[in-house]
**Q** 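Quick one: the structure is below, questions incoming.
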Amino acid sequence: MNILLTGGAGYIGSHTAVALASAGYTPIILDNFCNSDKSVLKRLEKIIQKPVACVEGDVRNTSLVEKVLREHEINAVIHFAGLKAVGESVQKPIEYYANNVQGTISLLDAMRSANVKNLVFSSSATVYGDPQYLPIDEHHPLSATNAYGRSKLHIEEMLKDLAASDPAWKMMCLRYFNPVGAHQSGLIGEDPSGIPNNLMPFIQQVAVGKLPKLKIFGNDYDTIDGTGVRDYIHVMDLAEGHLAALSHLSKNPGWSTFNLGTGKGSSVLEMIAAFESSTGAKIAFEYVPRRAGDIASCYAAVDKAQAALSWSAKRTLEEMCASGHQWQNYRHSFV
Ligand code: NAD
Ligand code: UFG
């Protein structure tokens, strides 16, 4: 089976390409490299031990996408391509809607023309807004507080409308919680440009001395130790969730949503402790005021994915931290 990965050179897409190749699928990447580096392809090929087909281009180029779908005889698409920085989306809403929403419309248009109607979409736990109850199941009310989150909500709704219009479409929205860590080879991983916005890449850069200390955004939340709690999931578990999704998709027409998380929340201090114990590194930190827009706690109900996809996350916090550290050491070596 040939699977098109839009945004496949990025963090989650590259790890999913490895999982797909190991399971006997052929991944084909379409990426414009706006948030990734072409060198990832060589590193991917080293892991997969086969050439990886990659087309450089934008998902908004509908005729190019259609050509790729036809020429590579694509059976299903996993749509990772998009912009994902919450803060930036507030400053640049047009860019976010153009890339994420318009990009998805272009992809769907090309898929309809090429008669490829199987799609897995990278959604986010951000579509649940400020949690009204925990753990968050797929029936939790949806809301958005920024342009990034709203772009994901718009896309989910668009896919639902499309599924209702034509029973040939099979579409799944995977709502990722907090993916962290890296492939065990240490050759690929999360590679944010500039100062990281997210906790784990920040901790990883403190560990290798690239940044002096972590700023913890608030220690007065109503949580186990006052710091924010999130559902961190190993990126390889997440990648394997896409294999389960593809297999479910082949038998289930229509539109569906699934949480991909571990079901367990960890605080910032617990993450620091896990990182220190699994790597031996020391993470200096200080408390600073809460970050605007942050919530206290967020973790997934995972029963639906377990029951319908026969998938659950297996890897530990220590594996997430150690693999992220290994990747950061390698990445730091060629800065
Ligand atoms: P990433 O930025 O590492 O990867 C996205 C890739 O898409 C990059 O390689 C980028 O160059 C490419 N891209 C962006 N716009 C494009 C376009 N118009 N045409 C072609 N390629 C384009 O991000 P990621 O962390 O791998 O996230 C993948 C998807 O998962 C995104 O849609 C993101 O919103 C979603 N998601 C990520 C997280 C997370 O914490 N990483 C959480 C929830 C959801
Ligand atoms: N945090 C710090 N210091 C930092 C960075 C983060 O204390 O330098 C804290 C945050 O306050 C929060 C926790 O670490 O309590 C996790 O923060 P992240 O920025 O790593 O993750 P978020 O849960 O805020 O958001 C991420 C993505 C969103 C996505 C969401 C759910 O950035 O796009 O996960 O998938 F929607």
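Because the structure is a prediction, the values reported are computed rather than measured.
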**Q** Honestly curious: do L309 and V302 fall in one hydrophobic cluster under the side-chain, below-4.5 Å linking rule?
**A** no

**Q** Between H154 and Y97, how do the two ring planes meet: parallel, tilted or perpendicular, split at 30° and 60°?
**A** tilted

**Q** Out of curiosity, D225 CG to L269 CG, how far, rounded to the nearest 0.5 Å?
**A** 4.0 Å

**Q** Would you sort out whether I29 and L41 count as a side chain to side chain contact (heavy atoms under 4.5 Å, CB included), showing the intermediate values?
**A** CA-CA 9 Å; I29 292 174; L41 298 170; 4.0 Å; yes

**Q** Counting neighbours of CD on E73 that are heavy atoms of other residues, nucleotides or ligands and sit closer than 6.0 Å, is the number greater than 12?
**A**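 Counting other residues, nucleotides and ligands, CD of E73 stays at 12 neighbours or fewer.
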
**Q** For R175, is there an ion pair with E156 - N to carboxylate O distance below 4.0 angstrom?
**A** yes

**Q** How about K264 and Y232: do any of their side-chain heavy atoms sit closer than 4.5 Å?
**A**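 No, every pair of side-chain atoms sits at 4.5 Å or beyond.
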
**Q** Before you tell me yes or no, could you show the steps for L246 and I78 under side chain to side chain contact (heavy atoms under 4.5 Å, CB included), namely the whole-Å CA-CA distance, both residues' side-chain angles and the distance that decides it to 0.1 Å?
**A** CA-CA 9 Å; L246 283 175; I78 309 183; 4.2 Å; yes

**Q** Verify, without hydrogens or angle tests, whether R290 (side chain) and F217 (backbone) share a donor-acceptor contact under 3.5 angstrom.
**A**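 Checking the backbone N and O of F217 against the side chain of R290, no donor-acceptor pair under 3.5 Å is found.
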
**Q** So that I can tick it off, tell me whether K282 and E276 are bridged by a salt bridge, with the cut-off set at under 4.0 angstrom between side-chain N and carboxylate O.
**A**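 Yes, charged N to carboxylate O under 4.0 Å.
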
**Q** Does H15 reach the side chain of L238, with side-chain heavy atoms less than 4.5 Å apart?
**A** no

**Q** Who are the side-chain hydrogen bond (donor to acceptor under 3.5 Å, both in side chains) partners of K251, not counting sequence neighbours?
**A** none

**Q** Strictly by modelled atom types, are H79 and S122 linked by a side-chain donor-acceptor pair under 3.5 Å?
**A**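 No - no donor-acceptor pair under 3.5 Å links their side chains.
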
**Q** Would you please indicate yes or no on a ring centroid separation below 6.0 angstrom for Y330 and H325?
**A**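 Between Y330 and H325, which both carry aromatic rings, the centre distance is not below 6.0 Å.
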
**Q** Closest approach of G265 and E270, non-hydrogen atoms and distance?
**A**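 Looking at all heavy atoms of both residues, the shortest contact is O-OE1, 4.2 Å.
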
**Q** Would you tell me whether S106 and T62 have side-chain atoms, one donor and one acceptor, within less than 3.5 Å of each other?
**A** yes

**Q** Hey, could you give me the OG/CD1 distance between S267 and I224, rounded to the nearest 0.5 Å?
**A** 6.0 Å

**Q** What is the distance from atom NZ of K50 to atom OG1 of T26, rounded to the nearest 0.5 Å?
**A**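 OG1 of T26 is found 6.0 Å from NZ of K50.
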
**Q** Identify the two heavy atoms, one from G7 and one from A81, that lie closest to each other, and give their separation to 0.1 Å.
**A**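 Shortest heavy-atom separation between G7 and A81 comes out as N-CB, 3.6 Å.
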
**Q** Hey, any chance V68 and V59 share a hydrophobic cluster, counting ILVMFWY side chains that come within less than 4.5 Å of each other, even indirectly?
**A**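 V68 clusters together with V59.
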
**Q** Using 0.5 Å steps for rounding, measure from the CG atom of N178 to the SG atom of C298.
**A** 6.5 Å

**Q** Are E95 and K84 close enough for a salt bridge, meaning some N to O gap below 4.0 Å?
**A**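 Looking at E95 and K84, the cut-off is not met.
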
**Q** Would you call V206 and F202 a side-chain contact if the rule is heavy atoms closer than 4.5 Å?
**A**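 With C-beta onward as the side chain, the pair touches.
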
**Q** Can you see whether S63 engages N61 through a side-chain donor-acceptor pair at a distance of less than 3.5 angstrom?
**A** yes

**Q** Is NZ or CZ of K304 both nearer than 6.0 Å to the six-membered ring centre of F258 and within 45° of the ring axis?
**A** yes

**Q** For the CG atom on D161, are there more than 12 heavy atoms of other groups (residues, nucleotides or ligands in this structure) within a distance under 6.0 Å?
**A** yes

**Q** Which heavy atom in P253 sits nearest to a heavy atom in P167, and how many Å separate them?
**A**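 P253 and P167 have their closest heavy atoms at CB-O, 3.8 Å.
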
**Q** Taking H72 for the side chain and I74 for the main chain, is one N or O donor matched with an acceptor at less than 3.5 Å?
**A**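 Here the side-chain-to-backbone pair does not exist.
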
**Q** Would you compute the distance between atom OG of S113 and atom CG of L69 and round it to the nearest 0.5 angstrom?
**A**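 Answer for the OG-CG pair, S113 versus L69, is 9.0 Å.
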
**Q** Taking C-beta and beyond as the side chain, do F275 and M200 meet within less than 4.5 Å on heavy atoms?
**A**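 Contact flag for F275/M200 side chains = yes.
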
**Q** Should the pair R112-D166 be classified as a salt bridge under the 4.0 Å nitrogen-to-oxygen rule?
**A**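 D166 and R112: not salt-bridged.
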
**Q** Determine whether L20 and L5 make a side-chain contact, defined as any pair of heavy atoms from C-beta on separated by less than 4.5 Å.
**A**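 Answer yes - side chains close enough.
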
**Q** Starting from I216, can I reach I283 by hopping between I/L/V/M/F/W/Y residues whose side chains sit under 4.5 Å apart?
**A** yes

**Q** Using the benzene-type ring in the case of Trp, are the ring centres of H242 and F80 under 6.0 Å apart?
**A** yes

**Q** Under a 4.0 Å N-O cut-off, is there an ion pair linking R315 with E240?
**A**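 A salt bridge links R315 with E240.
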
**Q** For V180 and V235: C-alpha separation, side-chain torsions, deciding distance, then whether side chain to side chain contact (heavy atoms under 4.5 Å, CB included) applies.
**A** CA-CA 5 Å; V180 296; V235 66; over 6 Å; no

**Q** Taking the side chain as every heavy atom from C-beta outward, state whether N75 and S250 have any pair of such atoms under 4.5 Å apart.
**A**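 No; the side chains remain at least 4.5 Å from each other.
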
**Q** Hydrophobic clustering (ILVMFWY, side-chain heavy atoms < 4.5 Å, transitive) - are V77 and L64 grouped together?
**A**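 As far as the 4.5 Å side-chain criterion goes, V77 and L64 are connected within one cluster.
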
**Q** Among the clusters formed by ILVMFWY side chains lying less than 4.5 Å apart, do M171 and M111 turn up in the same one?
**A** yes

**Q** L187 and side chain to side chain contact (heavy atoms under 4.5 Å, CB included): which single residue from V40, I47, V18 fits?
**A**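 Single side chain to side chain contact (heavy atoms under 4.5 Å, CB included) partner of L187 among V40, I47, V18: I47.
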
**Q** Is it the case that the side chains of T227 and Y221 hold a donor-acceptor pair, with the cut-off being a distance below 3.5 Å and no angle test?
**A**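 Judged by distance alone, the side chains do not pair up.
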
**Q** Using 4.0 Å as the upper bound for N to carboxylate O, is an ion pair formed by K38 and D31?
**A** no

**Q** Counting C-beta onward and ignoring hydrogens, is there a side-chain heavy-atom pair between F285 and K213 closer than 4.5 Å?
**A**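 F285 vs K213: side chains apart.
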
**Q** Return the minimal non-hydrogen interatomic distance between A296 and R230, and the atom names on each side.
**A** O-NH1, 3.4 Å

**Q** Distance check, rounded to the nearest 0.5 Å: N100 atom CG versus I155 atom CD1?
**A** 5.0 Å

**Q** Any chance CD of Q49 has more than 12 other-residue heavy atoms, nucleotides or ligands included, within less than 6.0 Å?
**A** no

**Q** State whether a side-chain donor-acceptor pair under 3.5 Å links Q326 with S323.
**A**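 Distance-only check fails for Q326 and S323.
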
**Q** Are N2 and I28 close enough, and set up right, to give a side chain to side chain contact (heavy atoms under 4.5 Å, CB included), and what steps lead you there?
**A** CA-CA 7 Å; N2 298 338; I28 291 103; 3.9 Å; yes

**Q** Would you say E88 and Y148 are linked by a side-chain donor-acceptor pair, where the criterion is simply a distance under 3.5 Å?
**A** no

**Q** Other hydrophobic cluster members with L153, side-chain heavy atoms of Ile/Leu/Val/Met/Phe/Trp/Tyr under 4.5 Å, chained?
**A**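 The other cluster members (ILVMFWY side chains, heavy atoms under 4.5 Å, direct or chained) are V127, Y128, L134, I136, L142, F177, V229, Y299.
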
